[in-house]
Number of protein chains: 2
Amino acid sequence: METAARPLTRIQQEKREVILEAALDVFSASGFRGSTIDQVADAAGMSKPNLLYYFRSKEEIHATLMERLLHTWLAPLHEFDDGDDPITEIRGYIRRKLEMARDFPRESRLFANEILQGAPRIMSLLEGELKQLVDKKARIIRKWMRAGKIARTDPYHLIFAIWATTQHYADFDVQVRAVLGPDRDGEGRFEDAARFLEQLFIGCLKA
Amino acid sequence: METAARPLTRIQQEKREVILEAALDVFSASGFRGSTIDQVADAAGMSKPNLLYYFRSKEEIHATLMERLLHTWLAPLHEFDDGDDPITEIRGYIRRKLEMARDFPRESRLFANEILQGAPRIMSLLEGELKQLVDKKARIIRKWMRAGKIARTDPYHLIFAIWATTQHYADFDVQVRAVLGPDRDGEGRFEDAARFLEQLFIGCLKA
DNA sequence: GTCTATATAAAGATAGAC
DNA sequence: GTCTATCTTTATATAGAC
């Protein structure tokens with residue numbers, strides 16, 4: 001007979017946090033299949049069997065991680081709303097997405113890894129929650145266009161372009177660094193990117 | 001004593017092609033670590049030991065694949081040149097890159113996988129050949145800007161944005177499909193994307 | 001060149017002592 | 001809760017017959 005699920009103690013919660021933090025490091029760098037429980041255990045400062053005392057399997061760690069990730073990841077799009085000034089709203093969304101790429105590059109890469117492999121674990125979420133959210137925001141953008149507040153264009157591809165350009169700085173970080181060279185490292189790169197993306201998107205949207 | 005490397009017969013070349021084609025399928029879908037020689041052998045229609053008769057190791061298959069990939073991948077940027085009309089030149093580059101995403105999505109994903117994992121195998125190429133190529137093209141773009149032919153902006157981030165937006169349609173294909181739904185499948189999506197990207201980039205670059 | 005059989009190593013997961 | 005030892009599965013690669 002199975003024992004009923006017990007609420008976790010505070011200490012158990014904290015240990016799980018340590019493991020998830022370590023797993024984010026490892027999984028985002030090597031992908032799910034490319035990572036080993038040993039690596040995660042090492043990064044978390046504990047033995048493999050000890051780690052498996054807190055999570056039943058590698059799969060369960062990954063699932064827990066993805067669940068949280070998606071919440072964080074969709075937050076900026078949720079914030080995007082029908083404000084007074086469309087340009088301010090879109091500019092803010094771009095800035096928040098770029099800040100996410102800067103502050104949460106591991107999350108960005110973990111997400112990219114999952115999508116790249118065909119999104120086996122989150123397909124239903126993409127077709128459900130994500131699609132509905134994007135549909136809603138696309139309707140807002142279209143309303144702005146009909147009202148003549150911004151130039152007419154395809155709202156879906158506009159959103160894709162914002163995702164692509166901002167996440168690029170996290171997902172393709174090593175390439176960006178290699179091309180820009182050591183001169184333009186750190187914070188400066190993000191300021192340059194922010195300026196450029198504002199010019200690109202806002203320039204083309206002004207009616 | 002080692003036997004000297006012999007030139008490959010035509011049949012050997014053909015078998016290697018079959019293997020590389022299968023490997024591209026498998027590696028681009030699951031990443032290098034996520035793929036097994038068994039899968040590649042199955043896809044190539046031969047047994048594992050037979051496959052390993054043509055390639056010494058999984059690593060060697062991957063290396064051969066990456067080498068070719070990079071040649072193909074940089075071709076559009078090589079073509080980008082100092083023509084009469086900057087707008088035509090940039091528009092052509094965007095179109096070629098988007099066509100690559102449409103016609104060679106596996107290559108795009110294989111490349112994305114490699115970069116995402118920190119580009120361990122091609123770092124020196126990124127810092128060498130790629131950087132020099134981009135530097136050269138950035139100088140051309142800057143010349144156009146100084147001549148007042150296009151609006152002033154950061155040429156490096158412009159190139160990154162073109163890479164990001166076009167490759168997005170290959171790398172994040174499942175997400176794009178999920179969000180757009182089944183209505184907008186196949187060729188139509190790429191036409192929409194082409195129209196949008198032209199408006200985005202050309203609109204912002206017109207002086 | 002291709003096969004069956006197998007050596008070898010890595011990785012996920014568990015048993016059971018403490 | 002944490003450890004050492006170990007089981008099991010999977011995967012890379014090789015040996016050797018044909």
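Proteins come first, then strands; the chains are lettered A, B, ... in the order of their sequence lines, and each starts at number 1.
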Discussion item. Check this for me: does any side-chain nitrogen of one of B:Arg95 and B:Glu79 sit under 4.0 Å from a carboxylate oxygen of the other?
Written reply: no

Worksheet item: OP1 or OP2 of C:dG1 less than 4.0 angstrom from a side-chain nitrogen or oxygen of B:Asn50, does that happen here?
Response: no

Practice prompt. Provide, to the nearest angstrom, the distance between the NE2 atom belonging to A:His62 and the P atom belonging to C:dG12.
Written response: 13 Å

Worksheet entry | Sidechain N-carboxylate O distance under 4.0 Å for A:Asp192, A:Arg195 | yes

Worksheet item: Given that A:Pro49 and B:Ser47 both sit by DNA chain C, which one's nearest nucleotide is further toward the 5' end?
Response: B:Ser47

Worksheet item: Between A:Arg102 and A:Glu191, does at least one N-O distance fall below 4.0 Å, as a salt bridge requires?
Response: no

Worksheet item: Of the residues in residues 9-42 of chain A, which ones touch DNA chain D at a heavy-atom distance under 4.0 Å?
Response: A:Gln12, A:Lys15, A:Arg33

Worksheet item: Separation of A:Lys58 atom NZ from D:dT10 atom C1', in whole Å?
Response: 12 Å

Worksheet, complete the sentence: Whole-Å distance, A:Glu59 CD to C:dA13 P, equals 8 Å

Worksheet entry | Inter- and intrachain pairs under ring pair (Phe, Tyr, Trp, His ring centres under 6.0 Å), touching residues 20-59 of chain B, at least two apart | B:Phe27-B:Phe32, B:Phe27-B:His62, B:Phe32-B:His62

Worksheet item: Would one find more than 12 heavy atoms of other residues, nucleotides or ligands at under 6.0 Å from atom CD of B:Glu17?
Response: yes

Practice prompt. If the plane angle is over 60° it's perpendicular, under 30° parallel, otherwise tilted; pick one for A:His157 and A:Phe160.
Written response: perpendicular

Practice prompt. For B:Leu51 and C:dC3, give me the distance from atom CG to atom P, rounded to whole Å.
Written response: 11 Å

Worksheet item: To the nearest angstrom, how far is A:Tyr53 atom OH from D:dT2 atom P?
Response: 8 Å

Worksheet item: Below 4.0 angstrom, N of the basic side chain to O of the carboxylate: do A:Arg177 and A:Asp173 qualify?
Response: yes

Worksheet item: Which whole-number value in Å describes the distance from A:Ile61 CD1 to C:dA11 C1'?
Response: 13 Å

Item to complete: Give the nucleotide from the list D:dT2, D:dA13, C:dT2 with an atom nearest to the side chain of B:Lys48.
Response: D:dA13

Worksheet entry | Sugar-phosphate only, base, or nothing, as touched by A:Tyr54 at under 4.0 Å among non-hydrogen atoms | sugar-phosphate

Worksheet item: Starting at CG of B:Leu52 and ending at P of D:dA11, how long is that distance when rounded to a whole Å?
Response: 14 Å

